[in-house]
*Asks:* 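The structure under discussion is supplied below as structure tokens; questions concerning it will follow.
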Amino acid sequence: MGTMKMPLKIRYADGTKGEISDPDAALEIYRHSMSHLMAAAVCSLFPGTHLGIGPAISDGFYYDFDRPERFVEEDLKKIETKMKDLIAENLSFEPFIISKEEAMDSFSGWGENLKVELIQEKASEKLSCYRLGDVVDFCTGPHLVETGLIDPDSFHILNIAGSYWKGDENNRQLQRIYGTAFLQPQDLEDYLRRLEEAKKRDHRKLGRELDLFSISEEAGSGLVFWHPKGTRVRHIIEDFLKTELYRRGYEFVTTPHVARDVLWKTSGHYEYYRQNMYAFNIDDEEFVIKPMNCPGHIQIYKTRMRSYRDLPMRYAEFGTVYRYEKSGVLHGMLRVRGFTQDDAHIFCTRDQVYKEISDLIDLVLYIMKSFGFDQYKVELSVRDESRKEDYAGTEEDWEMAEDALTRSLRDRGIEWTRMEGEAVFYGPKIDVKLIDAIGRPWQLSTVQFDFTLPKRFDLSYIGSDGSAHQPVMLHRALLGSVERFLGVLIEHYAGAFPIWLAPVQVVIIPISERHQEYAGEVMQRLVEADIRVEIDDRNEKMGYKIRAAQTDKIPYMLIVGDKELQSKEVSVRNRFQGDEGSQPLEGFLEKIEGFIKTRAVQP
RNA sequence: GCCAGCGUAGCUCAGCUGGUAGAGCAACUGAUUCGUAAUCAGUAGGUCCGCGGUUCAAAUCCGCGCGCUGGCUCCA
């Protein structure tokens with residue numbers, strides 16, 4: 001019980017002991033040891049279970065098991081108890097070194113075929129194993145010296161899930177058991193509390209409670225119905241973006257939702273993206289519901305001869321696209337089959353790329369800050385240097401693009417992670433992941449080069465030299481999709497939107513019937529000032545209406561009764577601070593107009 | 001799509017090993033006219049996800065669908 005003794009006592013594969021005091025490294029070793037301990041518990045409880053892999057992960061650890069019978073929920077408790085028994089027995093993690101040949105013999109003798117496969121692939125002539133109780137595992141370590149060092153209250157077995165061997169869906173499916181562990185019991189409690197907190201913020205739950213959106217079983221999964229209040233928020237988001245984009249030289253376009261298959265054959269989607277496209281036949285012709293907006297924007301580009309003087313051209317569209325997604329991946333508004341991208345395509349010359357990228361990065365950060373996100377992570381995805389031939393575009397294209405991306409980031413003093421081999425085949429990209437109020441990352445913005453579409457559609461512009469050149473094309477989304485963004489906003493603010501985004505900004509609460517006329521006057525004034533206001537004139541007590549408004553997370557309540565009627569004022573109640581006292585309506589209006597204008601997060 | 005779990009009123013859930021459904025909140029009606037998070041009383045609301053099967057009898061057991069949840073894979 002209590003705090004883990006630091007530094008952590010560990011043993012390396014060669015048998016030497018050591019101490020780890022770096023908390024991150026210690027935690028990783030601790031969790032990895034925990035996964036071995038779980039494997040030992042499982043093997044002892046369920047003989048005939050074979051082992052896959054069992055690493056430490058960001059919030060804990062897991063182990064993949066191969067067993068003909070299925071684990072059930074109740075098994076988790078048993079496993080946890082068994083692990084505690086093994087801790088009490090104080091088993092040691094015993095390392096030893098053997099030859100590859102010997103290891104293969106032993107492991108295949110035990111029927112550990114997955115381990116044999118791993119040894120074959122990963123091990124050199126000599127390899128290390130750890131023995132814990134009756135279980136021997138192929139592992140480089142290090143591990144704790146013995147199980148007695150583990151605090152029995154520092155871990156928890158969480159859930160069972162399916163997983164494919166080596167992450168390949170063509171391979172056999174294993175049963176993965178997840179657990180979590182921390183060096184301090186306090187950290188474990190905090191983690192479990194964070195899970196609870198995340199549950200409370202779940203946009204699916206809040207979306208229903210706040211009457212923002214729904215998904216209809218009858219209409220089909222992955223398709224979102226935006227209710228009036230959700231649509232209000234959506235319009236506010238879209239209006240804000242429209243204003244900002246027009247200011248920055250974008251033009252909006254509108255393109256059809258379906259197009260002949262020919263368009264998608266030219267773009268290459270028909271070949272590479274077919275499994276995700278909804279298609280249908282009419283009059284012997286095949287049509288595709290658009291999964292992307294780019295070919296549409298290209299159609300507009302191609303309607304006339306373009307000059308270098310026209311570039312850069314920035315076409316934006318809140319384009320609704322439909323993509324077939326496997327049923328198991330759908331998730332509320334965050335992963336759907338029909339969604340609206342805040343899409344844009346920039347056609348420019350090579351010389352203009354650096355400026356465009358730089359402006360884009362500034363724009364992304366400005367927009368995100370406006371929505372109340374201050375923390376973010378930037379990832380630069382580049383191609384796999386060893387498989388250059390798998391990528392479209394020339395060597396010069398890739399160098400030019402990577403150079404523009406890295407220079408833009410560096411010039412802005414932005415830290416980024418370089419993701420080797422993570423680029424899509426048609427070009428490198430920058431992704432921005434936002435960190436929300438409880439520390440979770442969300443992938444939203446993306447800026448991508450495209451070296452294939454200009455070629456496939458044979459795009460050109462006439463340069464100052466009088467001859468035709470191929471423009472560079474950039475895809476870019478700031479919010480990603482309006483659906484996902486609203487989902488993220490709901491979770492970030494736990495449903496309590498800042499006043500500039502709130503679907504209802506003010507609710508007026510008359511104390512009794514005789515105050516309704518004055519409440520109506522107050523409402524009239526706020527409506528004139530374009531405040532989104534409602535009046536709660538139900539035959540209920542004030543406390544009831546306040547509670548209702550609090551539950552609806554409405555920023556301000558204006559209570560009007562005899563006193564306010566007399567003084568011609570309003571009593572202001574803020575959803576976070578509570579009663580702010582009586583004040584003149586004009587003063588209140590001026591205050592909230594300020595909050596709205598500055599997109600203040602707090603009230 | 002795969003593995004596991006789940007599906008009872010608008011919402012949250014109860015309903016033991018089979019004997020044909022219940023609570024709270026919400027909704028509606030009436031009374032009450034109220035000062036910073038729930039006034040009282042009444043009414044209505046269900047193809048127990050759907051379809052088959054077992055059984056004298058199925059919300060409950062079995063099969064197949066559909067949907068949801070957590071993972072895996074995918075996210076041109």
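Chain identifiers are assigned alphabetically (A, B, ...) following the order of the sequence lines, protein sequences preceding nucleic acid strands; residue numbering begins at 1 within each chain. The basis for the numbers below is simple: all heavy atoms, side chains too, and nothing from hydrogens, waters or symmetry mates. What you see is a predicted model; the values in this text were computed from it and never measured.
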*Asks:* Kindly state which residues belonging to residues 321-344 of chain A come within less than 4.0 angstrom of RNA chain B, counting heavy atoms of the residue only, listed by number.
*Replies:* A/Tyr324, A/Lys326, A/Ser327, A/Gly328, A/Val329, A/Leu330, A/His331, A/Arg335
*Asks:* When you measure from the side chain of A/Asn159, which nucleotide among B/G70, B/C66, B/A37 comes out closest?
*Replies:* B/G70
*Asks:* Just jot down the ring-ring contact (aromatic ring centres under 6.0 Å, His included) partners of A/His492, sequence neighbours excluded, or say none.
*Replies:* A/Phe373
*Asks:* Tell which nucleotide pairs with B/U60, taking only Watson-Crick or G-U wobble pairs whose two distances are both under 3.5 angstrom.
*Replies:*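 Because no pair has both required distances under 3.5 Å, B/U60 counts as unpaired.
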*Asks:* Tell me the interatomic distance from A/Glu422, atom CD, to B/C75, atom C1', rounded to whole angstroms.
*Replies:* 12 Å
*Asks:* Between B/A59 and B/C6, how far is it from one C1' atom to the other, in whole Å?
*Replies:* 14 Å
*Asks:* A/Met542 side chain: which of B/U36, B/G71, B/C66 is closest?
*Replies:*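 Selected nucleotide: B/U36.
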*Asks:* Considering Watson-Crick and G-U wobble pairs with both distances under 3.5 Å, what does B/U55 pair with?
*Replies:* none
*Asks:* Is it the case that over 12 heavy atoms from other parts of the model lie below 6.0 angstrom from the CD atom of A/Glu121?
*Replies:*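 Atom CD in A/Glu121 is crowded, with more than 12 foreign heavy atoms closer than 6.0 Å.
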*Asks:* To the nearest angstrom, how far is A/Arg176 atom CZ from B/C72 atom P?
*Replies:* 6 Å
*Asks:* When both hydrogen-bonding distances must be under 3.5 Å and the geometry is Watson-Crick or G-U wobble, what is B/U73 paired with, if anything?
*Replies:*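 For B/U73, the partner nucleotide comes out as none, under the 3.5 Å rule.
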*Asks:* Taking only side-chain N and O atoms of A/Arg573, does any of them lie within less than 4.0 angstrom of OP1 or OP2 on B/U36?
*Replies:* no
*Asks:* Taking atom C1' of B/C75 as reference, at what distance in whole Å does atom OH of A/Tyr426 sit?
*Replies:* 11 Å
*Asks:* Please tell me if A/Arg514 has a side-chain N or O lying less than 4.0 Å from either OP1 or OP2 of B/C34.
*Replies:*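 So the side-chain polar atoms of A/Arg514 do come within 4.0 Å of the phosphate oxygens OP1 or OP2 of B/C34, strictly under.
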*Asks:* So if I define the base as every atom that isn't primed, P, OP1 or OP2, how would nucleotides 25-31 of chain B read as a B/S/- string at a heavy-atom cutoff under 4.0 Å?
*Replies:* -SS---B
*Asks:* What's the gap between B/U47 and B/G52 when it is taken at their C1' atoms, as a whole Å value?
*Replies:*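 Between the two C1' atoms, the distance is 15 Å.
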*Asks:* Quick one: look up who B/U43 pairs with, Watson-Crick or G-U, both distances under 3.5 Å, and put none if it's unpaired.
*Replies:* B/A27
*Asks:* Choosing from B/G70, B/C66, B/C68, which nucleotide comes nearest the side chain of A/Ala161?
*Replies:*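 Nearest to the side-chain atoms of A/Ala161, counting from C-beta on, is B/G70.
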*Asks:* Taking NZ from A/Lys541 and C1' from B/C40, how many angstroms apart are they, rounded to a whole number?
*Replies:* 10 Å
*Asks:* In whole angstroms, how far is the P atom of B/A37 from the CD1 atom of A/Ile509?
*Replies:* 10 Å
*Asks:* In whole Å, what separates the C1' atom of B/G5 from that of B/A41?
*Replies:*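 B/G5 and B/A41 have their C1' atoms separated by 43 Å.
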*Asks:* Rounded to whole Å, please give me the gap between CZ in A/Arg204 and C1' in B/U69.
*Replies:* 7 Å
*Asks:* In a check of side chain to side chain donor-acceptor pair (under 3.5 Å) between A/Glu197 and each of A/Arg201, A/Lys199, A/Arg194, A/Arg193, which one passes?
*Replies:*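 It is A/Arg201; the other options fail the test.
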*Asks:* Are A/Arg575 and A/Ile554 side-chain neighbours, meaning at least one heavy-atom pair lies under 4.5 Å?
*Replies:* no
*Asks:* In whole Å, measure the gap between the C1' atoms of B/A57 and B/G18 for me.
*Replies:*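 Between the two C1' atoms, the distance is 8 Å.
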*Asks:* Got more than 12 heavy atoms from elsewhere within 6.0 Å of CD, A/Glu28?
*Replies:* no
*Asks:* Suppose we screen for ring-ring contact (aromatic ring centres under 6.0 Å, His included). Which residues come up paired with A/Tyr324, at least two apart in sequence or across chains?
*Replies:* none
*Asks:* Flag the pair A/Phe497 / A/Ile490 as yes when at least one side-chain heavy-atom distance between them is below 4.5 Å, and no otherwise.
*Replies:*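 The answer is yes, as the side chains (C-beta and beyond) meet within the 4.5 Å cut-off.
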*Asks:* Please measure how far the P atom in B/G63 lies from the corresponding atom in B/C28, and state the result in whole Å.
*Replies:* 44 Å
*Asks:* For A/Lys455, is the NZ atom crowded, meaning more than 12 foreign heavy atoms sit under 6.0 Å from it?
*Replies:* no
*Asks:* Name the residue from A/Arg476, A/Lys429, A/Met473 that meets the side-chain contact (heavy atoms from CB on, under 4.5 Å) definition with A/Gln448.
*Replies:* A/Lys429
*Asks:* Write down the distance separating the P atoms in B/C56 and B/G22, rounded off to the nearest Å.
*Replies:* 27 Å
*Asks:* Is the base of B/U36 touched by the side chain of A/Ser571 through a donor-acceptor pair closer than 3.5 angstrom?
*Replies:* yes
*Asks:* For A/Arg176, enumerate each residue passing the salt bridge (Lys or Arg N to Asp or Glu O under 4.0 Å) test, keeping only those at least two apart in sequence or located in another chain.
*Replies:*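 With neighbours one apart ignored, the set is A/Asp64.
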*Asks:* Taking the same atom, C1', in B/C49 and in B/U39, what whole-Å distance lies between them?
*Replies:*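 Comparing C1' positions in B/C49 and B/U39 gives a spacing of 38 Å.
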*Asks:* If B/U17 has a Watson-Crick or G-U wobble mate with both distances under 3.5 Å, name it; if not, just say none.
*Replies:* none
*Asks:* Count the heavy atoms belonging to other residues, nucleotides or ligands that lie under 6.0 Å from NZ of A/Lys377, then report whether that count exceeds 12.
*Replies:* no
*Asks:* Could you check if a side-chain atom of A/Arg547 sits within less than 4.5 angstrom of a side-chain atom of A/Lys541, using non-hydrogen atoms only?
*Replies:* no
*Asks:* Between A/Glu379 and A/Lys433 (salt bridge meaning N to carboxylate O under 4.0 Å), is one present in this structure?
*Replies:*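 Yes, this pair counts.
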*Asks:* If you take atom types as modelled and just measure distance, does the side chain of A/Tyr164 reach the base of B/G71 with a donor-acceptor pair under 3.5 Å?
*Replies:* no
*Asks:* Taking B/A26 as the reference, what is the distance to B/U20 when you measure between their P atoms (whole Å, please)?
*Replies:*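 Result for the P pair: 31 Å, nearest Å.
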*Asks:* Tell me the partner of B/G35, counting only Watson-Crick (N1-N3 plus N6-O4 or O6-N4) or G-U wobble (N1-O2 and O6-N3) with both under 3.5 Å; none if nothing fits.
*Replies:*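 Base-paired to nothing in any strand shown.
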*Asks:* Between the protein and nucleotides 10-14 of chain B, list the N/O to N/O atom pairs that are separated by less than 3.5 angstrom.
*Replies:*
| unit_1 | atom_1 | unit_2 | atom_2 | d |
| --- | --- | --- | --- | --- |
| B/C11 | O3' | A/Arg208 | NH2 | 3.4 |
| B/U12 | OP1 | A/Arg208 | NH2 | 3.2 |

*Asks:* Tell me if the side-chain of A/Glu564 makes a donor-acceptor pair with the base of B/G35, cut-off 3.5 Å, by modelled atom types.
*Replies:*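 Checked by distance alone, the answer is yes.
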*Asks:* Does NZ or CZ of A/Arg31 fall inside the cone over A/Phe182's six-membered ring, less than 6.0 Å from its centre and within 45° of the axis?
*Replies:*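 Checked: cation-pi criterion met.
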*Asks:* Just how far, in rounded Å, is P of B/G71 from CG of A/Leu76?
*Replies:*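 It is 15 Å, rounded to the nearest whole Å.
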*Asks:* Grab the CG-P distance between A/Asp64 and B/A4 for me, whole Å please.
*Replies:*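 It is 15 Å, rounded to the nearest whole Å.
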*Asks:* Of the listed nucleotides (B/U33, B/C72, B/A4), which one gets closest to any side-chain atom of A/Glu513?
*Replies:* B/U33
*Asks:* When all nucleic acid strands are considered with a 4.0 Å heavy-atom cut-off, which category describes A/Ser163: base, sugar-phosphate, or nothing?
*Replies:* sugar-phosphate
*Asks:* Taking everything shown except A/Lys122 itself, do over 12 heavy atoms lie less than 6.0 Å from its NZ?
*Replies:*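 No.
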*Asks:* Is there a Watson-Crick or G-U wobble partner for B/C68 with both distances under 3.5 Å, and which nucleotide is it?
*Replies:* B/G5
